[in-house]
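Lettering follows sequence order; numbering is per chain, from 1.
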Amino acid sequence: MTRNIGFIFIFATSFFLQKNVFAVPPSAEELLKLSDRSRGGALLGLTWDVGLETIEDKEKMSLSYIVKAKDNDALAECTAPAKKKGETYLFNDRSLWFYKPGVKKPVSISSRQKLSGQASNGDIASTNYARDYQGKVVGEETINGELTYKLELKAKAKNVTYDAINYWISKERHVGVKAEFLTIQGKVFKIALFEYNNTLEVSGKQLLFVSKMTVTDAAFPENITILTYSKPFIKDHPTSMFNINNLIR
Amino acid sequence: MKTAKWLTIGWRNLKRNKRRNLATGLAIALSCAGLLLISGHVLHVENYLRNVSIYLRGAGHIAIYKKEGLEKHFIKPNRYSLTAEDQEKIYAVAAKDPNVWLITKYLISTGLVGNGCVSIPFMSIGLLLEDEIKIRNHPAIQNIKADFFRFEKGQELWNLLDFHEGVSVGKNIAKRLHKETVYNPSEKNNQNNVPIAFDCATPDIQKQIALDTNVQLAAGTFDGSFSALDAEIVNFVMTGIEDRDGGVITGHLEHLQRLYDTDKVTSISIFLKEFGDIDQEVKVWEQRFQEAGLDVSVYPWNSKHISSLYVGSMTFLTTLATVVAIIFILVVFLAIVNSTTITVIERTREIGTLRSIGFTPKHIGFLFVAENFVLSIVSIIAGLFLAFCCGSFINMMNFRYQSPGLSVTMKFHLITNWQVISVVTSILILVVSITTYFVSTRRAKKNTVLLLTA
């Protein structure tokens, strides 16, 4: 009898350990792919609005864009204020172009170029960290009461938005909840917090979609930029929309 | 004894050992010529770089920035640039001073310049072309301006005063953007063969770009957003100033203000008709601006923050010249010690005789000083003549060399003035006289009997 009890105990313990302690976490790449979907990456045709509110040196500034994304391309067109209306950013894979109505040719720019306040150009478009960064799960942490995997991301190419990122992905929701953007020397210069109050229906399933990204200057926390994402919906876009030559209408 | 008599005795004594005095005189003459030549070079470089800093780099005699603006205007241009109200007040203050020759303003910032396919970073300088014409025609730079702002192609921006889209592009930027054509309004159809939009993947894209005079300037605006506008290349310029040839685009102030969406400027330069103590001038202007309620920083043209090229080059050159000058003076000192010591030893009995008839060591010292004073005067005259001949020859040969901070070669030119000649002459005479006096009196102080029996 005692022997049977012992056997049952060992079996139960090993089952428990297998299920909880030695459970293999998803790979960094898998986590990034899942989290990218909630930030517009790797989806076949998507449109959303993004509003930027910048408070820098006590001065406020607002900009609004409509973003159309498909695969690795995205087109962000400014809708407000009136004097900036029509200004367009075109993301062709990792290349980025800026076009302003009235200017003869588009200008090739960097995704690192400051868009407004703390936001870089690369922040308004779809995120594809799985493509752009080499990730490594380095631990687990609780961010705002939510269990997360902490990932360290290193840029795979020079022309991506950031050199390195510390990224926290929710264990349960598989969405990025916090990011620290690092300089090439490894110093944090911006911190972003994400909220996901938008939903999308993708292949019959509900997918959380980013609703707010709050970017704070690490050195001057009073300098803040809030990106508010709204009205996301799945819509296929013609490939020609992302052709640089079609920018000049 | 009268000075003339001392000098007559000195002249006579000089003739007693012609060969030794000739060698000593040669050392003094060569050192004199060397000191004049090296100071002539320092004077020329100082004059050259001063004019480059004040007029060609646009620092003016006095440069005015927003408080901390010099250090921070690139990072936070909106906060650290001079507002329209500041500009108005500064102009009003300057208008009251009759010593102001010109006041002008500059907008300096950064951005990207694109050719429709690639973009590269640039530094922009927006200026008032009407003022720039006056500056470039200032008499102080007439002799050197030919070295600077040489056009590989095109014409001066101010030839097209009303064409605000015109920009002057550094040679290196043009090369990196594959641009080979400049805008010429008299050839209105010269852009007909250039497509509006480029297909950057086509094999002959570089040829198409080479024919295109149009570029796009893109930059973060002062209010924190992003903007772009068109510009037409009017010239490819070699400014001659290293940090400006690399990546500078110069254009109309108004046009660049449109790019940065601002009416602010980075700095205002005041050019004076005459100036003495520039640090004193700065204090006066600071006081005036303070009274006008302006929160600005005022810099003299020779501040290391404004004219690093001038300060760096002059610090190096004056240090080098000082070391060389010390060597020349040391040569004179050793030559005098050597010749006087031998002469004094040779004339020991004579010194003893003079002591026995009442001459003090001081009197004897003066006898030797008079002798070497005459020698130094003759040698200095020879040195001046030698320096004049060498200087004229060097200036005539038009030797050129590369100076740090300049991308043009600079003429190896020697100049001098009466102040420098006076200083060099005085130093040499002092060194000769003091050295002679101490060497000779040391011997003359010995016991008269010992001197007579030596």
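- Across every non-hydrogen atom of A:L63 and B:S225, the tightest pair is CD1-CB, 4.4 Å.
- No more than 12 heavy atoms of other residues, nucleotides or ligands lie within 6.0 Å of NZ in A:K85, so this atom counts as exposed by the packing criterion.
- Annotation for B:E85: atom CD does not count as buried by contact number, only 12 or fewer foreign heavy atoms lying within 6.0 Å.
- Annotation: A:D236, atom CG; neighbour count of heavy atoms from other residues, nucleotides and ligands within 6.0 Å is above 12.
- A donor-acceptor pair is defined here as one N or O able to donate and one able to accept, closer than 3.5 Å; no such pair exists between the side chain of B:S119 and the backbone of A:I109.
- More than 12 heavy-atom neighbours from other residues, nucleotides or ligands sit within 6.0 angstrom of CZ on A:R131.
- Comparing B:I120, B:N78, B:L229, B:D223 by how many heavy-atom pairs each has under 4.5 Å with chain A, the most go to B:D223.
- With respect to A:E56 and B:R79, no salt bridge is recorded, no charged nitrogen being found less than 4.0 Å from a carboxylate O.
- Highest contact tally toward chain B, considering only A:K83, A:E87, A:K100, A:E59, is held by A:K100 [criterion: heavy-atom pairs under 4.5 Å].
- Ring orientation note: the planes of A:Y89 and B:F226 are tilted relative to one another, at an angle of 30° to 60°.
- Heavy atoms from other residues, nucleotides or ligands lying under 6.0 Å from CG of A:N144 number 12 at most.
- Nearest heavy-atom pair, A:V107 versus B:A218, reported as atom, atom and distance to 0.1 Å: CG1-CB, 3.9 Å.
- A distance of 8.5 Å separates CD1 in B:I209 from NZ in A:K105, rounded to the nearest 0.5 Å.
- The number of heavy-atom neighbours closer than 6.0 Å to NZ of A:K190, taken from other residues, nucleotides and ligands shown, is above 12.
- In plain terms, the two heavy atoms of B:A228 and A:F98 that are nearest each other are CB-CE2, 3.5 Å.
- Between A:W97 and B:G116, the closest heavy-atom pair is CZ3-O, 3.3 Å.
- Heavy atoms from other residues, nucleotides or ligands lying under 6.0 Å from CZ of A:F220 number 12 at most.
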